[in-house]
Number of protein chains: 2
Amino acid sequence: MLTLSTLTANDVDNVNIKGVPISPVKKTDAYHHGNLRAALIDSALAVIIEKGAEAVTIREVAARTGVSHAAPYRHFPDKNALMAAVAKEGFDLMVARMRRRMAAFPDDPLQRLKFCGIGYIEFALDHPAHYRVMFGPGQDPLRASEALKLSSAASFQTLFDAITACQAKGVVHGGDPMAMALSCWAMVHGFSMLVIDGLVQTRAFHSALPAMMDGLVDSLYFGFRPDREPL
Amino acid sequence: MLTLSTLTANDVDNVNIKGVPISPVKKTDAYHHGNLRAALIDSALAVIIEKGAEAVTIREVAARTGVSHAAPYRHFPDKNALMAAVAKEGFDLMVARMRRRMAAFPDDPLQRLKFCGIGYIEFALDHPAHYRVMFGPGQDPLRASEALKLSSAASFQTLFDAITACQAKGVVHGGDPMAMALSCWAMVHGFSMLVIDGLVQTRAFHSALPAMMDGLVDSLYFGFRPDREPL
DNA sequence: AAATTAATGTTGACGTTGTCAACATTGACG
DNA sequence: CGTCAATGTTGACAACGTCAACATTAATTT
């Protein structure tokens, strides 16, 4: 869930107060912005964080960036293209987070797999606005740009590679790695979405998030069979 | 993924042809519709199926129902309330599907749990438009009506009860049923969302959906440990 | 049966949206 | 210095969500 406590400094461009209309940011009286495309993406993300992806408007994003309402159309064919750029950035950041978490265990593939998944969930919960855009209904993978497809595929590929590395070491069973990767992905994606949408908190789960994540790991490694060793 | 082959008769109110503007349905020249609230929900669902939840407009829904653009405001305070009504209906249908699947195994709690999850996924994949609205960003659980909260909670409760029944019979391990229910829910929700959003097909998974579901069940029951019996 | 009230529908309007065309400004290039 | 391309602005359009005021009809009360 997006709360002030889950925000990081990297998430926030600025903060507006409820009921106070935004004053357009005046850029430095120069006609050419110089880096408008990137600035628009940053502003869009700020609006997503504050108000949700569905509240983003091209006009507000332009105003926050200090340009007129039609300027974005010089850098993005339409609104959806701007949102797709936000999504691509999110995938790149998420893969970086997954890989950084894995890097702490260079010689232990099972831990690498575990922290690959933990990195995924941490990113999603630290950047719920980004995550919602990355996996929102507005993103049709069949119409995505090649750049976005590559960024999106990298997250699954990272997970898949972590599983095949475990199989090579013999620390997981030797079944179909695609099916195993799908199970992992479904689990981490489903959990992330449920928490972001506030569906977990509303059921008063009594565990902290780390304990919930441990529960997911436990379920995936040991399964539900009654004859397993207790955690 | 929404295709003509996955639609059921219950999904479709009518079908429009691309490029052909909708002609407003003229109702029977009566001033009072008589059942407008339900008709608006049906029309909204039809638009969601055809164009996606984000393309729904109050004006188009009203036109398809044969009333003026302001008539919906006599039955719903705003657009989001209409979408929430669509979501509630979806939860009710989903829980009915889950329970109907479970009913085939009155004396086998493990099969009941398995088919509870399968019923969940089947509903989501048979009714992707409904499912997207049910779990979309537009639905804030903290602001949901009591009716919607109850309908939403019923799906989790059904899953939770299936797990505690398994524990009572000793066919799953005796850990925290809440954590186990969360793992199940994350798995079925994540899988459903990934398929609906087209993220699974684009990775060329070579299994049919039933085999994919078996893979999820396998992962959740047996886990990834290498010392388990092969499926 | 008539009058009154409530429910429900319509018309028109407003502010905002996404997006486009035409024009304006400035940086890059020859 | 002139030309061109990139990029920004202004203004306009159709459509949106939602509201107020009005219109119609069903239900209720007298």
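Each chain gets a letter, A, B and so on, in the order the sequences are listed, and its residues count up from 1. Nothing here was measured: the structure is a model prediction, and the numbers come from that model.
Each ring-ring contact (aromatic ring centres under 6.0 Å, His included) pair with one or both residues in residues 78-100 of chain B, not counting sequence neighbours, appears once here: F91(B)-F135(B). Pairs passing the ring-ring contact (aromatic ring centres under 6.0 Å, His included) check and including a residue from residues 45-88 of chain A, sequence neighbours excluded, do not occur. Counting only residues at least two apart or on different chains, no salt bridge (charged side-chain N to carboxylate O under 4.0 Å, His left out) pair has a member in residues 180-192 of chain A.
Proximity of H75(A) to the phosphate of dG8(D): a side-chain N or O atom is located under 4.0 Å from OP1 or OP2.
Residues meeting the salt bridge (Lys or Arg N to Asp or Glu O under 4.0 Å) test with R97(A), sequence neighbours left out: E122(A), D126(A). Not counting sequence neighbours, S192(A) has no partner by the side chain to side chain donor-acceptor pair (under 3.5 Å) test. In this view, K114(A) satisfies the salt bridge (Lys or Arg N to Asp or Glu O under 4.0 Å) rule with no residue, not counting sequence neighbours. Under the salt bridge (Lys or Arg N to Asp or Glu O under 4.0 Å) criterion, R112(A) pairs with no residue, sequence neighbours left out.
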Checklist entry - Just by protein heavy atoms under 4.0 Å, how would nucleotides 22-30 of chain C read 5' to 3' in B, S and -? => result BBBBB----
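In this structure, F76(B) atom CZ and dT8(C) atom C1' are separated by 14 Å, rounded to whole Å. For the pair L40(B) CG and dT8(C) C1', the interatomic distance rounds to 12 Å; values are reported in whole Å. R37(B) has its CZ atom 15 Å from the P atom of dA7(C), to the nearest Å.
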Enumerate all atom pairs, one protein N or O and one N or O from nucleotides 16-19 of chain C, separated by less than 3.5 Å.
| from | atom 1 | to | atom 2 | distance (Å) |
| --- | --- | --- | --- | --- |
| dG18(C) | OP1 | I58(A) | N | 2.9 |
| dG18(C) | OP2 | I58(A) | N | 3.0 |
| dG18(C) | OP2 | R59(A) | N | 3.3 |
| dG18(C) | N7 | R59(A) | NE | 3.2 |
| dG18(C) | N7 | R59(A) | NH2 | 3.1 |
| dG18(C) | O6 | R59(A) | NH2 | 2.4 |
| dT19(C) | OP2 | Y73(A) | OH | 3.0 |
| dT19(C) | OP2 | K79(A) | N | 2.9 |
| dT19(C) | O4 | R59(A) | NH2 | 3.0 |

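Ring geometry for Y120(B) versus H189(B): interplanar angle over 60°, hence perpendicular rather than tilted (30 to 60°).
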